[in-house]
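Worksheet: one structure, shown below.
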Protein chains: 2
Amino acid sequence: MKSANDQATALLEFRLSAHRTLGPKERDLISHLSWRVEELPARQTFIHDGDKPAHSCLVLAGVVARTQYTAGGQRQILSVHIPGDMPDLQSLHIGRMDHDLETVSATQIAFIPHKDLNHLCAISQTLNATFWRESLIDAALHRAAIFRNAQLDADSRLAHFLCEMHFRHKAVGLVDEEGFSFPLSQELMGEVLGLTIVSINRSSQTLRSLDLIRMQKGHIQVLDVDGLVRFGQFDGTFLHQRFDHETLARAS
Amino acid sequence: MKSANDQATALLEFRLSAHRTLGPKERDLISHLSWRVEELPARQTFIHDGDKPAHSCLVLAGVVARTQYTAGGQRQILSVHIPGDMPDLQSLHIGRMDHDLETVSATQIAFIPHKDLNHLCAISQTLNATFWRESLIDAALHRAAIFRNAQLDADSRLAHFLCEMHFRHKAVGLVDEEGFSFPLSQELMGEVLGLTIVSINRSSQTLRSLDLIRMQKGHIQVLDVDGLVRFGQFDGTFLHQRFDHETLARAS
DNA sequence: CGAAGTATTGACTTGTTTCAATGTTAGTGG
DNA sequence: CCACTAACATTGAAACAAGTCAATACTTCG
């Protein structure tokens, strides 16, 4: 049984290896980080708009959403983060948060002081570039969201989003023959895609009736990847994955 | 009369100073960069989806759009870039472009080899962090776009976008009593906001009738900043500007 | 069992698109 | 200097995708 700290180390090493092969120096540096791991319940905002965090975090288990609220209190989900993601890497160089981070399901999150990350980046050009790249891919996900929300109708929008989720889960080895576990309710998917729960419900029925996906109680299975990709006009380039099919199990 | 190279240097120094005060070492490093400056006509795609650029660029004059196309050839403008922006800074660490860069108006663009930028970042932690921060603010602009396109109706969406343009132009000293020069046609604003030209036209009439803006032939003037901010639910935090009111003139 | 959260369905409403025509402006060449 | 052209802006009417409202069912869990 691994300690939580080892688990964070293994996951980070796996994630960074997806960008480039790490040398022994980098692996050593990573392994000496000391993480503080927290268990958080569902629906908890753990970093607030306006905060000036002194740590960044790595999602170990569960799902986290970036959110922003309208004047009327309506919530927009800006992006969805799964194990292996570092959803507030930006706070390393942009002190003040311009959005919230909240848990969707119960999650396990590892925190690391900015000081330690900065130290790492100062010592290793490779790690510096890799963390930077990680934050750039985050921006690429945002661009994909802008594209789909503006250009696709409700059905395709959902298809595009589910493609993204499928490939991102796959990249961290979280997809098996049964699909992947995915705790967003239809209401929350609506908040991601700028649609109402009613639209999501109807669109999900469309995708199911076309035998593209199966979708029930926090679990999603893509039955026809190519079909879903076509339906959602999904071009996975923006994920910039060096390889897709390694499993987290193999890495840890 | 400054050379184009000096102009690029001055603009970059000004821009980076908006993040943090640069020391003499950093200013010296920047001043020794050698830029290649190009004049490009309007509507020209100068970096293509799939390209692997060996340079990044700095917009000196004119407006540049990041674009992505649907299967049906419909164009989405992902973001709009004005003088002082480095719209493909990401290519420094994400080799392959996942979108196009095209000019909107006639532009002047300065190119710098990735090699030189990487060298700079290796030598100076400060510059490394500053360029990184620049790319993170780019991501923050994306988040603002996701928010406005999903949560605001046509009128507010346009108001929000015009606020963003107003403050970003102001930050580089491009706003005077007459407003600022802005070459996006109503059709292109539609491609930014996920609306049709008809909607933009009607929304712009709304904003004009409320005396919030004046808008004619490539020129925009915000008459009532506070009013427009309120109307568009605009929270400028995401711009992360250290100061807004320095002028480019003063810096160069 | 009751309660809360989530999913589903139908009827009606609305903001935006689509289509199509007309007006305006700036630039070009005779 | 004016006719011609292309790009851009404006307007009205009809169509439609998604929203709203509201009722009902299913699931999970204490």
Side-chain angles (χ1 to χ4, degrees), chain A residues 41-44 63 65 70 72-77 102-106 148-162 181-209 213-220 231, chain B residues 41-44 63 70 72-77 103-106 148-162 181-209 213-220 231:
Chain A
R43 297 153 191 268
Q44 179 163 324
V63 170
T70 61
Q74 179 65 34
R75 178 173 59 185
Q76 174 65 30
I77 297 182
E102 47 190 285
T103 61
V104 172
S105 53
R148 89 174 140 227
N149 289 355
Q151 293 293 340
L152 305 180
D153 67 16
D155 292 351
S156 300
R157 227 184 277 185
L158 181 60
H160 188 284
F161 175 65
L162 293 179
S181 155
F182 193 62
L184 262 72
S185 65
Q186 295 187 350
E187 177 147 31
L188 291 189
M189 292 194 221
E191 291 181 17
V192 174
L193 299 176
L195 296 166
T196 58
I197 182 177
V198 177
S199 270
I200 297 290
N201 189 284
R202 287 174 177 143
S203 291
S204 75
Q205 286 178 45
T206 306
L207 300 184
R208 279 177 284 171
S209 71
I213 59 163
R214 200 173 288 165
M215 190 172 156
Q216 60 222 178
K217 46 167 181 157
H219 206 90
I220 286 171
F231 197 98
Chain B
R43 297 150 193 269
Q44 178 163 324
V63 170
T70 61
Q74 179 66 34
R75 178 173 59 185
Q76 173 66 30
I77 297 182
T103 61
V104 172
S105 53
R148 91 174 137 229
N149 289 356
Q151 292 294 340
L152 305 180
D153 67 17
D155 292 350
S156 300
R157 227 184 277 187
L158 181 60
H160 189 284
F161 175 65
L162 293 178
S181 154
F182 192 62
L184 262 72
S185 64
Q186 296 188 350
E187 177 147 31
L188 291 189
M189 292 194 221
E191 291 181 17
V192 174
L193 300 176
L195 296 167
T196 58
I197 181 177
V198 177
S199 271
I200 297 290
N201 189 285
R202 287 174 178 146
S203 291
S204 75
Q205 286 179 45
T206 306
L207 299 184
R208 278 177 284 171
S209 71
I213 59 163
R214 200 173 288 166
M215 190 173 155
Q216 60 222 178
K217 45 165 183 159
H219 206 90
I220 285 171
F231 197 98

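Both backbone and side-chain heavy atoms feed into the values below; hydrogens, waters and symmetry mates do not. What you are looking at is a predicted structure, and each value in this text was computed from that prediction instead of being measured. Letters go in sequence order (proteins before strands), and every chain restarts at 1.
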Inset, instruction - First locate atom CD1 of A:Ile200, then atom CE of A:Met215, and finally report the distance between them rounded to the nearest 0.5 Å. - result: 7.5 Å
Legend entry - From B:Leu158 atom CG to B:Leu193 atom CG, the distance as rounded to the nearest 0.5 Å: 6.0 Å
Inset, instruction - Pull out every residue in residues 185-194 of chain B that has a heavy atom closer than 4.0 Å to any atom of DNA chain C, ordered by number, or say none. - result: B:Gly194
Inset, instruction - Using heavy atoms and a sub-4.0 Å distance, could you list which residues of residues 148-156 of chain A are near DNA chain D? By number, please. - result: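 Within residues 148-156 of chain A, the residues near DNA chain D are A:Asp153, A:Ala154.
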Inset, instruction - Give every residue pair that meets the salt bridge (charged side-chain N to carboxylate O under 4.0 Å, His left out) criterion with at least one member in residues 194-205 of chain B, sequence neighbours excluded. - result: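 Qualifying pairs: none.
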Legend entry - Within residues 184-198 of chain A or reaching into it, pairs that qualify as salt bridge (charged side-chain N to carboxylate O under 4.0 Å, His left out) - sequence neighbours excluded: A:Arg75-A:Glu191
Inset, instruction - Please report how far the helix from C:dC1-D:dG30 to C:dG30-D:dC1 bends, comparing the axis fitted to its first five pairs with the axis fitted to its last five, to the nearest 10 degrees. - result: 40°
Compare side-chain N and O positions of [X] against OP1 and OP2 of [N] and report whether any pair is under 4.0 Å apart.
X	N	value
A:Thr196	D:dG19	yes
B:Asn201	D:dT10	yes
B:Gln216	D:dC8	no

Legend entry - For A:Arg148 against A:Phe161, the heavy-atom pair lying closest together: NH1-CA, 3.5 Å
Inset, instruction - Would you name the heavy atoms of B:Gln76 and A:Ala150 that are closest together and state the gap between them? - result: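 Heavy-atom minimum between the residues: OE1-CB, 3.2 Å.
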Inset, instruction - Mind calculating the distance between NE2 (B:His219) and P (D:dC8) to the nearest angstrom? - result: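 Answer to the nearest Å: 18 Å.
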Legend entry - Protein-nucleotide distance (A:Leu195, atom CG; D:dT20, atom C1'), rounded to Å: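 Interatomic distance, CG of A:Leu195 to C1' of D:dT20: 14 Å.
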Inset, instruction - Describe the nucleic acid contact of A:Arg43 in one word from base, sugar-phosphate, nothing, applying a heavy-atom distance below 4.0 Å. - result: sugar-phosphate
Who passes side-chain hydrogen bond (donor to acceptor under 3.5 Å, both in side chains) against [X], sequence neighbours left out?
X	result
B:Ser203	B:Asp155
A:Ser156	A:Asp153
B:Arg157	none
A:Ser204	A:Arg208

Inset, instruction - Would you please name every residue forming a side-chain contact (heavy atoms from CB on, under 4.5 Å) with A:Thr196, sequence neighbours left out? - result: A:Val198, A:Ser199
Inset, instruction - Quick one, give me the B/S/- string for nucleotides 21-30 of chain D, reading 5' to 3', where B means a protein heavy atom under 4.0 Å from the base and S means that only happens at the primed atoms, P, OP1 or OP2. - result: B------S--
Legend entry - Start and end of the DNA chain C segment that chain B contacts, any atom under 4.0 Å from a heavy atom: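 Going 5' to 3' along DNA chain C, contacts run C:dT16 to C:dA26.
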